[in-house]
Amino acid sequence: MKKPAVKIMLAASLTLSAFGTQAVFAQPSKEVHSQPYKVFDQKIIKQINADYMYNNIDYLAKTPRVAGTESEYNAVQYIKSQFESYGYEVELQEFSFLGYTPPSSIELSADGYEGELKPSAFTYSVSGDITGELVLAGLGKKDELADKDLSGKVALIQRGEISFGEKVLNAAAAGAEGVIIYNNADGELNGTLGEANDEYVPAVALTKAEGEALATHVADQSVSVSLKVTGADTSERTSHNVIATKKPTNKRKATDDVIVIGAHHDSVELAPGANDDASGTAMTLELARVFKDVPTDTEIRFVTFGAEELGLIGSNHYVDQLSDEERKRIIANFNLDMVGSKDAGDLVMMTADGKPNLVTELAQASSKRLNGEPTPYEQGGRSDHVPFAEAGIPAALFIHSPTEPGYHTPEDSIDKISKEKLQDVAEIVGAAVYDQAKFDHMGPKFKKDRKEHKEPKGKKGKVPHHHHKKDLK
Ligand code: BES
Ligand code: ZN
């Protein structure tokens, strides 16, 4: 099934050996090898055009592309049409997930209270419009609330000891209609309830100063508060992976292997995501264009994933839906995420376990051939190579490190994109892939025993835990 080493023995060799010309049969030296490599590399890299990548990034990064929104869907359609324009048939692989939209407005007022209140929402806070008596509820622990009847009331709870989500659930179980949680340290409270839950009541956050002032205000009188949270929505959303497949050129000479080149097309809110990850998406498109009519004996799949920013949802879906047989065919995943920022550092590869694998070996060899220096690798997760690695598939993330300062902000825009960086990474990856996928390849025979494949995950449709920047507690 896997490719045999190039056969050097020729039929003529027996005849020739009779003349004692042993040198003819010597293994080709390094120098002899380096020449074909350069010819093969050229076949790919001379076709790579950074302007095409730049223009696709420019198009995609006109708006944020948050998973499950119309703008992500527009990006999916655009990517599909680009693949099709190169001559590919494209599959849109649909999947759903539980998404959250934060409230558009929050209003909070307390009778007789003159100070300013600037409430903020927790991720997964629900909408509602309530009025009730404000009640001090300590830390909101179960035992503190046991003797309290909070029916129809609003609980004022201090941050600490248990998670925000537990506080809201405990207060709701005691009958509260709303919850205000105030900080126990200076600064904004940027929190999440951790996951969606039907039992939640509207819950908002206040600063330490605001919370303490309200607590003082309510200490010697009965105070009615009104809380109105509008526009928050937790609901099933739909996203897509976009898949373009290049089959081996000649069925009879084909291997059974598959190489996946991928990137994520979604972005975080408010960020145009030019580098994260329109850059990888545009590079995936460009490599698909370049490889379209290049003969290969190995299947190459060009995939852009949805919902990466919400917890690698699209790539997990892609890997989870593979049959055992299909999964075992995939020999490599090249994950292109943040591959074109002027303001970031040098190219590195990241593997989930920090160890080399087929992908890093191929790319170290190609980068050495092209630039004289092998691209280094280190340990790193946080992107779509992780589900592949967890399934035992050699996988690596291509990224510039250190990361640019505008990462995940409105500053991640087209003006920060470097055509030179795009060209460099696309050449390294293109040459590495071709080294493995071409007929009679001479690439590293680096095929370590595959690790155990992960068991299919239990619960599907679980709420993604993407509270990496927000506090749970
Ligand atoms: N492109 C980033 C990943 C990244 C950034 C890796 C900087 C290494 C350095 C990716 O899109 C991302 O933001 N990932 C999330 C985690 C994911 C599981 C939701 C992150 O790192 O916060
Ligand atoms: Zn990314």
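When a ligand or atom number is given, it counts from 1 through the structure's own listing order. This structure is a prediction, so every number in the text was calculated from the model and none was measured.
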Is there a donor-acceptor pair under 3.5 Å between the side chain of [X] and the backbone N or O of [Y]?
X      : Y      : answer
Ser125 : Ala203 : yes
Ser267 : Arg65  : yes
Asn275 : Gly340 : yes

Would Gly311 count as a contact of ligand 1 if the rule is a heavy atom under 4.0 Å away?
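It does, in that a heavy atom of Gly311 comes within the 4.0 Å cut-off of ligand 1.
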Taking a cutoff of less than 4.0 Å between a non-hydrogen atom of the residue and any ligand atom, is Asp277 in contact with ligand 1?
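Judged by the 4.0 Å heavy-atom criterion, Asp277 does not count as contacting ligand 1.
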Salt bridge present between Asp257 and Arg329 (N-O < 4.0 angstrom):
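The answer is no: the pair does not qualify as a salt bridge.
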Taking 4.0 angstrom as the limit and counting only heavy atoms of [X], give me the atoms of ligand 1 inside it, by number and element.
X      : value
His264 : 11 (O)
Asp276 : 1 (N), 2 (C), 11 (O)
Thr403 : 7 (C), 9 (C)

Check against side-chain contact (heavy atoms from CB on, under 4.5 Å), Lys246 and Glu299
CA-CA 6 Å; Lys246 174 185 164 58; Glu299 180 172 326; over 6 Å; no
When you measure from atom 14 (N) of ligand 1 to each heavy atom in Met338, His408, Arg382, Glu404, which option holds the nearest one?
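Answer by nearest heavy atom: Arg382.
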If you take the nearest heavy atom of each of Val386, Ile399, Ile313, Asn316, which one is closest to atom 6 (C) of ligand 1?
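Heavy atom nearest to atom 6 (C) of ligand 1 belongs to Ile399.
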Give, rounded to 10 degrees, the angle between OD1 (Asp276) and OD1 (Asp337) as seen from the Zn ion (ligand 2).
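So the angle at the metal works out to 90°.
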Just by distance, no angles: are the side chains of Lys438 and Thr296 close enough, under 3.5 Å, to form a donor-acceptor pair?
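Thr296 and Lys438 do not have a side-chain donor-acceptor pair below 3.5 Å.
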